[in-house]
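Worksheet for the structure shown next.
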Number of protein chains: 2
Amino acid sequence: MQALGRHLLLELFDCDAEALNSLETVKASMVEAAKRAQATIVDVVFHEFNPFGISGVVVIAESHLAIHTWPEYRYAAVDVFSCGDVLQPQTAATYLVEQLGAARASVVELQRGIFLQAAPMPHKPAGARATGAKVPAATVPVAKVPVARLPVARVPVARVPVARVPVARVPVARVPVARVPVGG
Amino acid sequence: MQALGRHLLLELFDCDAEALNSLETVKASMVEAAKRAQATIVDVVFHEFNPFGISGVVVIAESHLAIHTWPEYRYAAVDVFSCGDVLQPQTAATYLVEQLGAARASVVELQRGIFLQAAPMPHKPAGARATGAKVPAATVPVAKVPVARLPVARVPVARVPVARVPVARVPVARVPVARVPVGG
């Protein structure tokens with residue numbers, strides 16, 4: 001069983017309100033997090049809301065990082081969606097917890113795009129890059145991948161520990177992140 | 001207990017490979033999905049990868065919609081992250097399932113930013129809009145919201161049905177989406 005993507009969902013509580021309300025801080029933290037995760041940055045889009053809050057996305061060749069901040073609640077929701085084996089999404093998560101001063105955090109990992117296949121599924125062919133070049137649809141080889149038909153109900157969800165990260169004590173990178181397969 | 005955001009994670013399988021490989025189709029579908037969900041579009045960013053695949057984000061005032069497509073596997077991962085009571089994320093989900101020709105799909109909803117509070121928490125003050133104007137951090141009122149301290153382990157995860165949507169038969173909108181609270 002192979003998954004095309006890993007999706008970390010971070011809940012950052014009791015953050016530094018000033019950091020969460022600074023477009024510069026949030027943007028720089030997200031871009032640096034992407035770099036530290038070894039991501040290839042394709043686009044960076046951030047917006048500041050009036051009176052509070054920042055929303056932003058770092059589009060990477062391996063998917064995306066997204067953040068929405070609520071300085072008034074000292075809360076931020078972060079997504080780190082990555083593909084391939086090179087990326088280190090946990091590194092990005094750890095860095096963001098530190099930069100935004102989250103005193104409490106939790107992280108859940110969802111596996112996206114699960115297929116029944118023993119061999120690894122490269123998210124993009126080697127050398128893939130963002131381009132404006134179009135590929136005629138007729139040339140798209142539809143992979144003969146046996147699609148996972150495992151009913152979700154068979155996944156022992158109750159046994160999957162949702163990682164609760166006491167940030168002050170344990171670096172996120174050390175926490176065994178819960179892996180919850182989605183769909184199929 | 002109030003959640004700041006609703007996050008729908010869609011797994012779209014057996015899609016129309018041609019649609020998934022068309023920048024125009026994917027982009028138009030995502031923008032239209034945001035509009036149908038009553039979202040306020042702030043930014044639209046899409047990229048085409050060589051040789052296959054589209055990645056894109058529609059930043060909305062109420063958070064974001066994101067998509068990553070694998071035409072070669074006829075698969076797309078979609079996120080619809082929304083805040084507030086006005087938005088209808090299920091409408092966006094249903095529309096995307098149809099537009100991308102997904103023969104199979106599943107959807108999981110995660111609640112983001114859960115706080116212990118009886119009153120609704122507006123995601124942004126009324127009249128909020130994207131702006132370049134800065135608000136001095138010192139003026140940010142940190143809400144006196146009792147943060148949810150319910151241990152995640154107490155959430156009866158096993159009882160939360162992960163919605164499996166036989167798209168051909170049941171419109172996504174009719175499926176009671178699983179709500180899995182995250183963090184706290």
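All values below come from the heavy atoms of this structure, side chains included, with hydrogens, waters and symmetry mates left out. We name chains A, B, ... by the order of the sequence lines, and we start the count at 1 in each one.
Linking Ile, Leu, Val, Met, Phe, Trp and Tyr residues whenever their side-chain heavy atoms come within less than 4.5 Å places A:Val108 and B:Val108 in a single cluster. Residues A:Leu8 and A:Leu100 fall within the same hydrophobic cluster, defined by Ile, Leu, Val, Met, Phe, Trp and Tyr side chains chained together at heavy-atom separations under 4.5 Å. Under a hydrophobic-cluster definition in which Ile, Leu, Val, Met, Phe, Trp and Tyr are linked whenever side-chain heavy atoms come within less than 4.5 Å, directly or via other members, A:Ile41 and A:Val80 are assigned to the same cluster. Tracing side-chain contacts under 4.5 Å through hydrophobic residues (I, L, V, M, F, W, Y), one reaches B:Phe46 starting from B:Leu20; they form part of the same cluster. Following chains of ILVMFWY side-chain contacts shorter than 4.5 Å, one cannot reach B:Tyr95 starting from B:Val31, and the two form parts of different hydrophobic clusters.
Considering all non-hydrogen atoms of both residues, A:Trp70 and B:Ser63 come closest at CH2-OG, 4.5 Å.
The part of B:Ala66 that comes within reach of chain A is its side chain, from C-beta onward, which places non-hydrogen atoms under 4.5 angstrom from that chain. Contacts between B:Val44 and chain A at a heavy-atom distance below 4.5 Å are absent for every atom of the residue. Looking at B:Ile60, the atoms closer than 4.5 Å to chain A (heavy atoms on both sides) all sit in the backbone: N, CA, C or O. Only the side chain of B:His68 comes within less than 4.5 Å of a heavy atom in chain A; its backbone stays farther off.
Atom-to-atom distance recorded for B:His47:NE2 and A:Asp43:CG is 3.5 Å, nearest 0.5 angstrom. Between the CZ atom of A:Phe13 and the CD1 atom of B:Ile114 there is a distance of 7.0 Å, given to the nearest 0.5 Å.
Within the 4.5 Å cutoff, the side chain of B:Val42 has no heavy atoms near those of the A:Val45 side chain.
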**OP:** Show your reasoning for whether side-chain contact (heavy atoms from CB on, under 4.5 Å) applies to A:Phe81 and B:Asp79.
**Re:** CA-CA 10 Å; A:Phe81 189 159; B:Asp79 290 77; 4.1 Å; yes
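Remark: side-chain polar atoms of B:Glu11 are not paired, donor with acceptor, to backbone N or O of A:Arg112 under 3.5 angstrom.
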